[in-house]
Structures are given as structure tokens and as C-alpha cells.
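Right, one structure below, let's go through it.
A, B, ... follow the sequence lines: proteins, then strands. Residue 1 opens every chain.
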There are 2 protein chains.
Amino acid sequence: MPWRGGKGGPGWEGHFRGCGYRWTVSREVIIEVLSSTRHHMSAEDIYHAVHKDYPAIGLTTVYRTLDLLVDMGLVLKFDFGDKRARYELAEEFSTKEHHHHLVCNRCGRVIDYTEFIDDEVELFKKTEKGLSKKYGFQIKSRMIQFSGLCGNCNREQK
Amino acid sequence: MPWRGGKGGPGWEGHFRGCGYRWTVSREVIIEVLSSTRHHMSAEDIYHAVHKDYPAIGLTTVYRTLDLLVDMGLVLKFDFGDKRARYELAEEFSTKEHHHHLVCNRCGRVIDYTEFIDDEVELFKKTEKGLSKKYGFQIKSRMIQFSGLCGNCNREQK
DNA sequence: ATCCTTATTGAAAATGGTTTTCATTATCAT
DNA sequence: ATGATAATGAAAACCATTTTCAATAAGGAT
Ligand SMILES: [Mn+2]
Ligand SMILES: [Mn+2]
Ligand SMILES: [Zn+2]
Ligand SMILES: [Zn+2]
């Protein structure tokens with residue numbers, strides 16, 4: 001795990017430089033926000049968090065930075081069914097372990113779960129190898145997502 | 001498999017009636033389109049297909065009907081990363097077998113794959129049971145999706 | 001077959017997350 | 001420090017989807 005999070009960690013900066021991008025305050029701050037949350041933030045969430053300390057940073061820049069981060073594979077983008085995209089640090093840069101998502105259709109709660117992850121990883125490996133051979137498809141990312149009713153909503157639903 | 005597809009099959013009509021909805025020409029025609037394609041159509045795709053024979057049916061009705069079908073569990077809604085939602089008959093009403101999706105990030109091609117489905121189903125069952133016990137979460141739907149580069153795009157990329 | 005209630009519909013307008021535009025500013029190799 | 005140009009913010013544009021509302025059609029009752 002050579003990547004240190006936190007302010008201006010050479011890992012992040014190096015990634016940007018390595019791709020020919022500049023290392024800017026906006027980028028550092030946005031990454032800092034993503035690094036220090038356990039939530040799945042929307043662009044606007046991030047914008048608000050950033051805005052407290054850096055009111056000059058605009059929503060447009062947040063969107064642009066997130067796009068870059070996703071392209072570079074440093075951040076994952078999710079669709080949990082509310083209209084806005086949600087973002088989370090990629091595994092290698094996160095303190096969270098490899099996980100998938102459980103989304104409540106009623107209240108929108110999102111649970112990170114890690115149960116049976118080993119089995120999933122194994123199955124993924126096998127599947128990817130099979131699909132790559134059969135379709136010549138090179139898999140870059142994989143996602144599993146369950147949705148339904150969370151404990152609370154399940155109870156109320158009755 | 002008690003459900004017959006095709007024009008006005010009592011299966012579809014019964015489903016609507018059973019939920020207290022009326023059985024209308026628009027609904028019949030939209031279902032007919034979904035039943036006779038192997039593609040993952042957008043609302044607008046469906047609108048255009050319907051429009052040839054029934055120019056009076058509007059895009060709004062297509063959206064509304066799709067929402068209903070998704071709510072009733074007869075149709076699945078996907079996000080393949082282009083901006084529009086994509087729709088496909090649920091397994092029980094489709095001639096396609098249970099499958100998952102392989103999405104090309106470059107050209108947008110979507111492949112239905114069925115490899116290792118048995119393993120996946122087994123793992124899903126186990127996972128669902130575990131999650132249900134641990135989080136009280138009642139799972140209604142599950143999705144797996146891989147993305148990357150398809151055979152063609154992989155070759156060109158070089 | 002006709003009436004009546006109301007679910008359904010189409011057209012147009014509104015919505016809202018995201019993207020584009022463009023003039024200004026900041027980064028960084030020199 | 002200087003200059004080339006990548007990055008940025010504000011405002012406008014975009015565009016899939018949703019909402020509004022008056023007109024229409026479905027289907028139970030008669
Ligand atoms: Mn997560
Ligand atoms: Mn499919
Ligand atoms: Zn819930
Ligand atoms: Zn492709």
C-alpha cells in the first residue's frame with residue numbers, strides 16, 4: 001500500500017503528474033474530502049464540504065475533478081437510484097476494505113457489506129477469465145449491487 | 001412458464017388488472033415491442049418503434065408504462081453508462097435466459113452473458129441469506145455488471 | 001347499448017443533475 | 001521572473017425524465 005492519503009500525499013500528486021495533469025489546490029482539497037468520509041458523497045455533497053473552507057472552489061470544478069479521478073481509476077462512481085451520482089475512493093486508496101453495496105429502495109440507505117467477499121472474488125476471477133477467452137472482452141471494473149428494503153423500512157412496511 | 005407473450009396475452013393483461021390497472025392499447029403495444037426485441041432499449045427507442053404503427057402514442061406514456069412495468073417487476077431497468085435508462089423484460093417473461101451484462105466503455109456494446117451463472121446464483125443465495133440475517137435486509141433485486149473493452153475496441157486500442 | 005366515474009393519455013412546460021462555453025487565473029517548465 | 005497553456009468559476013446550455021392539466025378512453029353499473 002504505497003499510497004498515503006491526506007494533504008498533498010505524494011501518492012495522489014504523483015498520480016496526477018504521471019498522467020500529465022497539474023497538481024492544484026482544488027484537486028487536493030476534493031481528494032481530502034473523499035479521503036476523510038465513509039459516506040458515498042454526491043458531487044454537491046463534496047462541493048458543500050469543500051465550500052466551508054474554500055468558498056472559491058466551484059461545483060463545476062468538483063464535477064471535473066471527479067471525472068478525472070474516475071478516469072484515472074482512483075475513484076469509483078455509483079448509481080444508487082436517486083438521481084445523483086455517488087463517489088467513493090477506489091479500494092487501493094481507501095481505508096475501507098473491498099466491499100459491495102446494499103441499497104434500500106425506500107429510504108435510500110446504503111450499506112457496505114463484506115460478507116462472502118472471498119467467494120465473490122474467486123467467482124469474479126473465474127468469470128473474467130471465461131469471458132475474456134470467449135468474447136475477447138477485457139474487464140476493467142466489476143460491480144455487484146443488491147437492492148430491497150433495509151431493516152427499518154422492512155419493519156415499517158409490515 | 002404460464003405467461004404467454006404476444007398481443008394481449010392474458011398473462012400481461014392479468015398482471016395489470018390484478019394490480020388494479022386498466023389494460024390499454026398503449027400498454028399492450030409497448031409490451032409487444034419489449035417482447036420482440038433482443039436489445040436493451042431506451043424509452044426513446046421504444047417510442048420510435050411504437051410510433052411507426054401507433055403515432056398517437058406519446059413518449060410520456062412510454063415513460064409512464066415503463067415505470068409501471070418496473071414497479072410490477074415485469075421489466076428490468078439498467079444503467080449502462082450512457083445517459084439513458086435501458087429496459088429489458090424480466091426473466092420470467094423473456095425468452096432470454098438468466099444472464100448478466102458486459103458493457104464496453106468505449107463503443108457501448110452490451111453483451112448478455114450466461115457463463116458461470118449457476119455459481120453466481122448459488123453465491124447470491126448464500127449472500128442474500130447472510131445479509132438478510134445480519135442486516136435484516138430484504139433483497140428484492142440483484143445485479144452484476146462488468147465493464148471494460150469489448151473484443152473490437154480492445155484490438156483497436158492496441 | 002348507454003352512462004358515469006376516473007384512470008390514462010398527449011402536449012407542453014418544468015425540472016434538475018450534469019456539461020459546455022468562454023474569459024480569467026494558476027501551474028510549472030524554462 | 002516569464003510565457004505557454006492547463007485549470008477554473010460563473011453563467012448558460014443540455015437533455016433525459018417528470019410534472020401539469022385538459023381531453024380521452026376503460027370498464028363497471030345500469
Ligand atoms: Mn461503499
Ligand atoms: Mn440483457
Ligand atoms: Zn430503508
Ligand atoms: Zn467496444
**Asked** With side chains defined as the heavy atoms from C-beta onward, is the minimum distance between A/T65 and A/T24 less than 4.5 Å?
**Response** no
Practice item. For atom NE2 of B/H39, decide whether the heavy atoms of other residues, nucleotides or ligands shown that lie under 6.0 angstrom number more than 12. Key: no
Whole-Å distance, A/K77 NZ to C/dG17 P, equals 14 Å
Between CZ of A/F78 and C1' of C/dT18 the distance, given in whole Å, is 19 Å
Next item on the list: For A/F124 and B/F146, run side-chain contact (heavy atoms from CB on, under 4.5 Å): C-alpha distance rounded to whole Å, both residues' side-chain angles, the deciding distance at 0.1 Å, then the answer.
Entry: CA-CA 10 Å; A/F124 272 8; B/F146 291 95; 3.8 Å; yes
A/I30 atom CD1 is separated from D/dA7 atom C1', nearest whole Å, by 11 Å
Separation of D/dA10 atom C1' from A/Y63 atom OH, nearest Å, is 15 Å
From CG of A/L68 across to C1' of C/dT19 the rounded distance in Å is 14 Å
Between CZ of A/R84 and C1' of D/dA16 the distance, given in whole Å, is 16 Å
Picking from C/dT19, D/dT8, C/dA11, the nucleotide nearest the side-chain atoms of A/R64 would be D/dT8
- Query: Can you check whether B/K83 has a side-chain N or O nearer than 4.0 Å to OP1 or OP2 of C/dT19?
  - Reply: yes
message: What contact category does A/S42 fall into here, base, sugar-phosphate, or nothing, at under 4.0 angstrom with non-hydrogen atoms?
response: nothing
Expected string for nucleotides 23-30 of chain C under the B/S/- scheme (protein heavy atoms, under 4.0 Å, primed atoms plus P, OP1, OP2 as sugar-phosphate) is ---BBS--
* Asked: Should the pair A/F93 and A/W12 be assigned to parallel (<30°), tilted (30 to 60°) or perpendicular (>60°) ring geometry?
  -> tilted
Rounded to whole Å, CG of B/L59 lies from P of D/dA16 at a distance of 10 Å
A/L66 CG to C/dT19 C1', in whole Å, measures 14 Å
Notebook entry, point to check: Any luck finding a side-chain donor-acceptor pair between A/Q145 and A/H101 under 3.5 Å?
Noted result: no
Without placing hydrogens or testing angles, list every side-chain donor-acceptor pair under 3.5 Å for residues 131-141 of chain A, not counting sequence neighbours.
{"residue": "A/K134", "atom": "NZ", "partner": "B/E115", "partner atom": "OE2", "Å": "2.9"}
{"residue": "A/S141", "atom": "OG", "partner": "B/S147", "partner atom": "OG", "Å": "2.8"}

Going by chain and number, the hydrophobic cluster around A/V110 (ILVMFWY, side chain to side chain under 4.5 Å) further includes A/L76, A/F78, A/F80, A/V103, A/M143, B/L76, B/F78, B/F80, B/V103, B/V110, B/M143
Of B/R27 and B/Y47, the one whose closest nucleotide on DNA chain C sits nearer the 5' end is B/R27
- Sugar-phosphate, base or nothing in reach of A/D79, heavy atoms under 4.0 Å: nothing
Report task. Give one of base, sugar-phosphate or nothing for A/D82, where a contact means two heavy atoms less than 4.0 Å apart. Result -> nothing
